[in-house]
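Just so we're on the same page: letters track the sequence lines, and every chain starts at 1.
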Amino acid sequence: MALYEKYPVHLSNSLGGKKEVFKPVNPGHIGMYVCGPTVYNDVHLGNVRTFLTFDIVSRYFRHLGYKVRYVRNITDVGHLENDADEGEDKIAKKARVEQLEPMEVVKHYTEGFHEVMRQFNILPPSIEPSATGHLVEQIEITKNLIDKGLAYEVNGSVYFDVMKYHTSHNYGILSGRVIEDLIESGRKLDSQDEKRNKIDFALWKKASPYHIMRWPSPWSIGFPGWHIECTVMSTKYLGETFDIHGGGMDLKFPHHECEIAQAVGANGKQPVNYWLHSNMLTVNGQKMSKSLGNSFLPRQLFAGDHALLEKGFGPMTVRFFMLQSHYSSTLDFSNEALNAAEKGFRKLSNALGTVKKLEHTGGSDNAELRDDLLKMVDACYSNMSDDFNTAKTLAALFEMSARINDFKSGNLSLKNISEETFHAFRNAYIQIMEDVLGLREEEEHNHELLSGVINVLIDLRKKARVDKNYALSDKIRDDLKQLGVQLKDGKDGEINFTIE
RNA sequence: GUUAGUGUACCCAAGAGGUUUAAGGGAUCUCUCUGCAAAAGAGAUAUUCAUCGGUUCGAAUCCGAUCACUGACUCCA
């Protein structure tokens, strides 16, 4: 029996707002699409949380035995400065500002994005398509929508006719927006006169003379609208109806609503069975935003290089910190919370190192102990299958850590469990930590030279202790502590150290 | 204004009607181990879940109202 049959996944579907049992279109296979970054600037922590969320989703599904095709795009064109479909393309603007070719900007920030993903141990998707690589498809679907009467051309630009679509479908099915309210409340810009209705959105925009990124189309030299790329790339690689579509909460409207309208308009069916949205980040209770000056970049967080940060925090600490909350809740960043996470993560990380070194010594099951251990293993899976509840899974791992330390110290004896139980317990801990949650030891500044020097001092301290020269042994320990090196004396006389 | 969501201990946070006499992490305190530390283990710290009503045999969990906060879309500047 595959793991996914033993632990069927339940997930909260934004489309309908209910928690449902997950059933893939094709048994054993999963198609998942996630809106990737617009590569005109550095990724910020909000982006990281979204990609982390779906990293967990794909890791867990794979761990359960599903074959996952995970598509996450790179938006390298078409994301307009504002959703009035006016203004300059973000990438083109940046290119002019920095006197670079647009594709130079794209490459620079794409590589930066990949580096950040690597630091957070977020695995790459199966396919990472770019919008500019799919212009032909975007033009084709635009033609299709015009043919169906759901889009119209004005002055070389093409717009999606929302009211027309709404006569036979439901615009607002995902976001809960009421179309009448949208029409009433909007403001009218002069330049929006091209549209039949202000809520219409662009499928193709004619390029103004200053626009650097431009391609030929049946309607004009121009560039595609923002929403169409995701529809095209998800359909191309995952089919007209696929399993999961993810993204940040802020994309729910209008972006994902528009995607649904385009796909339903073009193909006549709902494109996605399960919509998943990850929630936003706040800082000290306030939303994280550039204008408030409280947003920070990953590298600022690592270095502690920001007015709101007392010190730096490693990427694994941050990853752990984010996993301690549910992806659908807002999460608050603060020094206090980060400090707590750092200590908590160190505890798990230490237990991971310990459990790897544990070896079964031969014995048979004590029923009570066995049930206790296996119950925790089961909890990990049940919790993960319950809408990817990483917080509860971590709680289970902390309890397992206590047992692991008991085995190490001798409070519990490995002779009281069978080899089978031991391996089930040990493997679950390691796999849930490393494969599913993607947590690994923080990349310490572990230079061989430094370790060697510390070990020399440790040897001296050992000798001092044997000689009961505690004044000297304490001096070695205290002086090292001053420098950020913590020595830990084991019962057996062995000494370990950690660098802070 | 429209719409979606949130409000749980000193801090972060889980919780989707009875298995919770409210997980887990941090903090604080006590004890065990230890030459002393550190680490680790054991225990303690919310009669209570923003407020007020209601439904129910039973609610943090459902409904209504109020207050506060957040996102999106607007509005104003």
Side-chain angles (χ1 to χ4, degrees), chain A residues 10 12 14 17-19 46 82-84 172 174-188 198-199 248-257 277-289 317 320-326 328-348 350-351 354 379 383 386-387 389-412 461 464-466 468-471 473-474 476-478 480-481 485-493 495-498 500:
Chain A
H10 296 243
S12 294
S14 302
K18 291 201 183 70
K19 197 184 271 190
N82 61 56
D83 291 318
L174 177 70
S175 60
R177 291 296 202 286
V178 182
I179 201 160
E180 288 77 14
D181 292 333
L182 290 170
I183 294 164
E184 265 178 41
S185 57
R187 82 185 138 163
K188 183 125 178 133
K198 54 186 286 261
I199 59 175
M249 201 77 102
D250 49 348
L251 296 182
K252 202 167 174 185
F253 187 88
H255 184 55
H256 292 156
E257 194 70 59
H277 288 98
S278 61
N279 217 137
M280 306 286 103
L281 247 38
T282 57
V283 185
N284 297 325
Q286 269 191 314
K287 74 165 177 174
M288 190 183 276
S289 84
T317 294
F320 168 82
F321 170 72
M322 289 184 174
L323 294 179
Q324 265 193 309
S325 75
H326 191 84
S328 64
S329 304
T330 53
L331 175 62
D332 192 56
F333 254 71
S334 66
N335 283 294
E336 215 176 351
L338 248 9
N339 271 319
E342 187 173 59
K343 288 180 184 167
F345 175 64
R346 191 174 298 156
K347 214 165 162 181
L348 279 189
N350 288 343
T354 301
N383 294 332
D386 181 15
D387 205 17
N389 196 324
T390 51
K392 280 180 102 170
T393 303
L394 285 170
L397 286 176
F398 273 108
E399 289 184 34
M400 293 170 84
S401 301
R403 299 300 181 283
I404 288 167
N405 288 320
D406 278 333
F407 283 129
K408 184 195 178 194
S409 68
N411 283 349
L412 288 175
R461 181 156 189 278
R465 292 185 74 208
V466 170
K468 296 207 189 298
N469 185 349
Y470 293 127
S473 71
D474 286 356
I476 292 173
R477 185 179 63 203
D478 296 344
L480 282 173
K481 169 95 176 154
V485 179
Q486 175 71 58
L487 297 189
K488 289 180 256 189
D489 300 340
K491 269 187 199 168
D492 47 9
I495 302 176
N496 294 312
F497 69 91
T498 53
E500 303 197 350

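Put simply, A:Asn350 has no side-chain N or O that comes within less than 4.0 Å of OP1 or OP2 on B:A39. In terms of phosphate contacts, A:Lys198 brings no side-chain nitrogen or oxygen within less than 4.0 Å of OP1 or OP2 of B:C73. For the OP1/OP2 pair of B:G41 and a distance below 4.0 Å, the side-chain nitrogens and oxygens of A:Asn405 include at least one atom meeting the criterion.
Distances were taken from every side-chain heavy atom of A:Ser325 (C-beta onward) to each of B:C12, B:A14, B:C36; the shortest belongs to B:A14. In the set B:C73, B:G15, B:G41, B:G15 carries the atom at the smallest distance from any side-chain atom of A:Asn389. For A:Ala391, the listed nucleotide lying nearest its side chain is B:A23; candidates were B:U3, B:C12, B:A23. Taking every side-chain heavy atom of A:Lys392 into account, B:A14 is the closest of B:A13, B:A14, B:A72. Comparing B:G41, B:G35, B:A14 against the side chain of A:Arg461 picks out B:G35 as the nearest. Proximity note for A:Arg465 (side chain, C-beta onward) versus B:C36, B:A27, B:A23: the nearest is B:C36.
Across all strands shown, A:Ser473 has heavy atoms under 4.0 Å from base atoms, whether or not it also approaches the sugar-phosphate. Residue contacts for A:Lys347: at a heavy-atom cut-off of 4.0 Å it reaches the sugar-phosphate backbone alone, with no base atom in range. Residue A:Glu336 is in sugar-phosphate contact alone, with no base atom involved, counting any heavy-atom pair closer than 4.0 Å across all strands shown. Within 4.0 Å of A:Tyr470, counting heavy atoms only, lies at least one base atom of the nucleic acid. At a threshold of 4.0 angstrom between heavy atoms, the contacts of A:Ala396 with the nucleic acid are absent. At the heavy-atom level, A:Asp474 lies under 4.0 Å from base atoms of the strands shown.
When the P atom of B:A13 is taken as reference, atom CG of A:Asn279 falls 12 Å away, rounded to whole Å. For A:Glu342 and B:A27, the CD to P distance is 11 Å, given to the nearest whole Å. A:Gln324 places its CD atom 12 Å from the P atom of B:A27, with the value rounded to the nearest Å. Taking atom CZ of A:Phe398 as the reference point, atom P of B:G24 lies 11 Å away to the nearest angstrom. Going from atom CD of A:Glu399 over to atom P of B:G41 covers 12 Å, rounded to whole Å. Distance A:Lys343 NZ to B:A40 C1': 16 Å, rounded to the nearest Å. Straight-line distance from the CG atom of A:Leu338 to the C1' atom of B:C12: 10 Å, rounded to whole Å. What separates CZ of A:Arg477 from C1' of B:U34 is a distance of 10 Å, to the nearest Å.
Straight-line distance between the C1' atoms of B:U20 and B:A72: roughly 36 Å, to the nearest whole Å. Atom name P, nucleotides B:A38 and B:A27: the rounded distance is 12 Å, in whole Å. Taking atom P on both B:U51 and B:U61, the two are 11 Å apart, rounded to the nearest angstrom. Separating the C1' atom of B:C12 from that of B:G17 is a span of 27 Å, rounded to the nearest Å.
Interface remark: the A:Lys19 side chain does form a donor-acceptor pair with the B:A16 base, using a distance-only criterion of under 3.5 Å. The base of B:A72 sits with one of its N or O atoms less than 3.5 Å from a complementary donor or acceptor on the side chain of A:Arg177.
Where A:Phe320 and A:Asp387 each meet RNA chain B at their nearest nucleotide, the meeting point lying more 5' is that of A:Asp387. Take the nearest nucleotide of RNA chain B for A:Thr330 and for A:Arg403: the residue whose nucleotide is more 5' is A:Thr330.
Of the possible polar contacts, one joining the A:Glu257 side chain to the A:Leu174 backbone as a donor-acceptor pair under 3.5 Å is found.
Once rounded to the nearest 0.5 Å, the distance linking CG of A:Asp387 with NE2 of A:His10 reads 10.0 Å.
In this structure, A:Lys481 does not pair ionically with A:Asp478, as no charged nitrogen and carboxylate oxygen lie closer than 4.0 Å.
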